Amino acid sequence: MRRRLIWRPAELVAATAETPSARTLRLRVPDWPGHLAGQHVDVRLTAEDGYTAQRSYSLAAPADGDMIELTVESVPDGEVSPYLTEVMEVGDQVEIRGPVGGWFVWRTESKPPVLLVGGGSGIVPLMAMIRARRQAGSRVPFRLVYSLRAPDRRYYADELRSPDPGLDVSYLYTRSAPPAARPAPPAASCWTTWPRAAGRPRSSPTATCAGRPGSWRRRPTCCSRSATPPSASEPNDSVPPEADLTSSPS
């Protein structure tokens with residue numbers, strides 16, 4: 001039987017700036033049912049005159065009791081994101097409905113290595129998967145290829161600067177890059193050199209997320225990496241269907 005989604009009050013308990021236009025919100029949602037890394041929620045605002053506006057945002061962290069995290073990019077002339085990124089203060093409330101989506105998730109019991117490809121704000125659900133891997137103590141090899149316009153647009157910069165063991169991070173900059181970045185190689189070389197454990201299936205689950213379409217209009221200009229050697233995990237021919245699909249976040 002399908003679970004009925006209801007609106008729940010959510011109170012802001014902390015907020016962190018990720019970039020000049022993006023903010024991570026930590027919200028307390030009483031009776032939160034939990035969620036999987038890769039799912040999203042609907043956020044609803046209600047004005048004093050009764051007017052409502054709602055948008056969908058990916059969850060940025062794995063389940064943590066009645067706490068959830070969202071990372072929101074401010075959209076010029078938007079109805080919801082400017083409030084969440086510029087106005088909302090600790091103690092303020094919005095309404096949350098979810099979790100939503102089961103086709104684009106990573107489950108902690110999954111064993112095949114994972115390739116995550118994200119552009120702009122598309123990093124958010126991928127970061128939830130990376131954090132879920134860490135929380136579970138998983139040794140499944142992860143590779144993240146993250147495309148962004150410039151270094152100051154990088155989400156979770158401090159956290160990704162020193163990746164977890166077994167997590168390999170590559171950046172593709174489309175407009176400007178750090179001085180140390182090297183010219184971008186052919187796209188395929190970003191992952192073809194990843195070692196494959198003996199007996200491992202050639203196909204690995206791939207999660208692809210793009211931010212706003214404009215972030216893909218230019219070819220990458222340069223590439224940099226922050227990597228740790230992938231750790232070994234047992235081969236497994238069973239790949240959950242959800243992990244093999246691609247999706248664009250809301």
Side-chain angles (χ1 to χ4, degrees), residues 15-25 38 40 55-61 69-78 80-88 114-131 134 142-164 166-194 206-230 246-250:
T16 304
E18 297 291 346
T19 72
S21 58
R23 188 188 196 198
T24 291
L25 309 173
H40 64 276
R55 297 291 185 272
S56 296
Y57 296 102
S58 294
L59 290 149
E69 289 188 18
L70 309 176
T71 301
V72 179
E73 178 83 23
S74 182
V75 177
D77 301 321
V80 177
S81 62
Y83 173 79
L84 298 178
T85 56
E86 302 167 20
V87 179
M88 191 177 187
V114 177
L115 172 64
L116 306 173
V117 182
S121 59
I123 184 66
V124 178
L126 309 185
M127 196 65 193
M129 298 176 190
I130 290 170
R131 289 166 168 170
R134 180 194 308 144
F142 267 40
R143 166 157 288 183
L144 171 65
V145 180
Y146 184 12
S147 174
L148 61 160
R149 294 181 179 182
D152 66 349
R153 298 283 183 172
R154 189 187 303 177
Y155 290 18
Y156 320 117
D158 292 339
E159 193 170 345
L160 291 176
R161 189 169 289 115
S162 300
D164 302 324
L167 169 63
D168 182 284
V169 181
S170 297
Y171 297 96
L172 296 177
Y173 297 95
T174 61
R175 298 196 179 179
S176 63
R182 55 188 172 83
S189 68
C190 285
W191 50 80
T192 53
T193 57
W194 197 12
T206 302
T208 305
C209 265
R212 302 186 66 187
S215 63
W216 293 101
R217 289 176 184 166
R218 300 189 181 192
R219 292 174 59 85
T221 58
C222 50
C223 178
S224 65
R225 294 181 66 189
S226 177
T228 57
T246 61
S247 171
S248 294
S250 301

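Values in this document were obtained by computation on a predicted structure and should not be read as measured data.
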**Asked** side-chain contact (heavy atoms from CB on, under 4.5 Å) between Ser121 and Thr71: does it pass, once the steps are laid out?
**Response** CA-CA 8 Å; Ser121 59; Thr71 301; over 6 Å; no
**Request:** Kindly indicate whether the side chain of Glu69, heavy atoms from C-beta on, has any atom under 4.5 Å from the side chain of Arg131.
**Result:** yes
**Asked** After noting the C-alpha distance and the side-chain angles of Tyr156 and Val124, does the key distance pass the side-chain contact (heavy atoms from CB on, under 4.5 Å) rule?
**Response** CA-CA 9 Å; Tyr156 320 117; Val124 178; 3.6 Å; yes
**Asked** How long is the span from the CG atom in Leu160 to the CD1 atom in Ile130, to the nearest 0.5 Å?
**Response** 6.0 Å
**Message:** With side chain to side chain contact (heavy atoms under 4.5 Å, CB included) as the test, pick out the partner of Leu126 among Val117, Leu116, Val114.
**Reply:** Leu116
**Leu84 and Tyr57, any side-chain heavy atoms less than 4.5 Å apart** = yes
**Request:** State, without any angle test, whether Thr24 and Glu18 hold a side-chain donor-acceptor pair at a distance under 3.5 Å.
**Result:** yes
**Message:** Counting C-beta onward and ignoring hydrogens, is there a side-chain heavy-atom pair between Leu172 and Val145 closer than 4.5 Å?
**Reply:** yes
**Request:** State which residues pass side chain to side chain donor-acceptor pair (under 3.5 Å) with Tyr83; sequence neighbours excluded, sorted by chain then number.
**Result:** none
**Item:** Residues which pass side chain to side chain donor-acceptor pair (under 3.5 Å) with Ser81, listed by chain and number, not counting sequence neighbours
**Value:** none
**Message:** Looking at every heavy atom in both Ser74 and Thr85, which two are closest together, and how far apart are they?
**Reply:** CB-OG1, 3.4 Å
**Message:** List the residues meeting side chain to side chain donor-acceptor pair (under 3.5 Å) with Asp158, not counting sequence neighbours, and say none if there are none.
**Reply:** Arg161
**Asked** Just by modelled atom types, is the Tyr155 backbone N or O under 3.5 Å from a matching donor or acceptor in the Tyr146 side chain?
**Response** yes
**Message:** Tell me whether the NZ or CZ atom of Arg154 lies within the 45° cone about the ring axis of Tyr171 and under 6.0 Å from its centre.
**Reply:** yes
**Prompt:** Got a second to check how far Asp164's CG is from Glu159's CD, nearest 0.5 Å?
**Reply:** 7.5 Å
**Message:** With a 4.5 Å cut-off on side-chain heavy atoms, are Met127 and Ser58 touching?
**Reply:** no
**Asked** Below 4.5 Å, heavy atoms only, C-beta onward: do Asp152 and Thr19 meet side chain to side chain?
**Response** no
**Asked** Ion pair present between Arg23 and Glu73, side-chain N to carboxylate O less than 4.0 angstrom?
**Response** no
**Asked** Are side-chain heavy atoms of Pro178 and Tyr173 found at a separation under 4.5 Å?
**Response** yes
**Request:** Looking only at non-hydrogen atoms, find the nearest pair between Val72 and Leu25 and report the distance.
**Result:** CG2-CD1, 4.3 Å
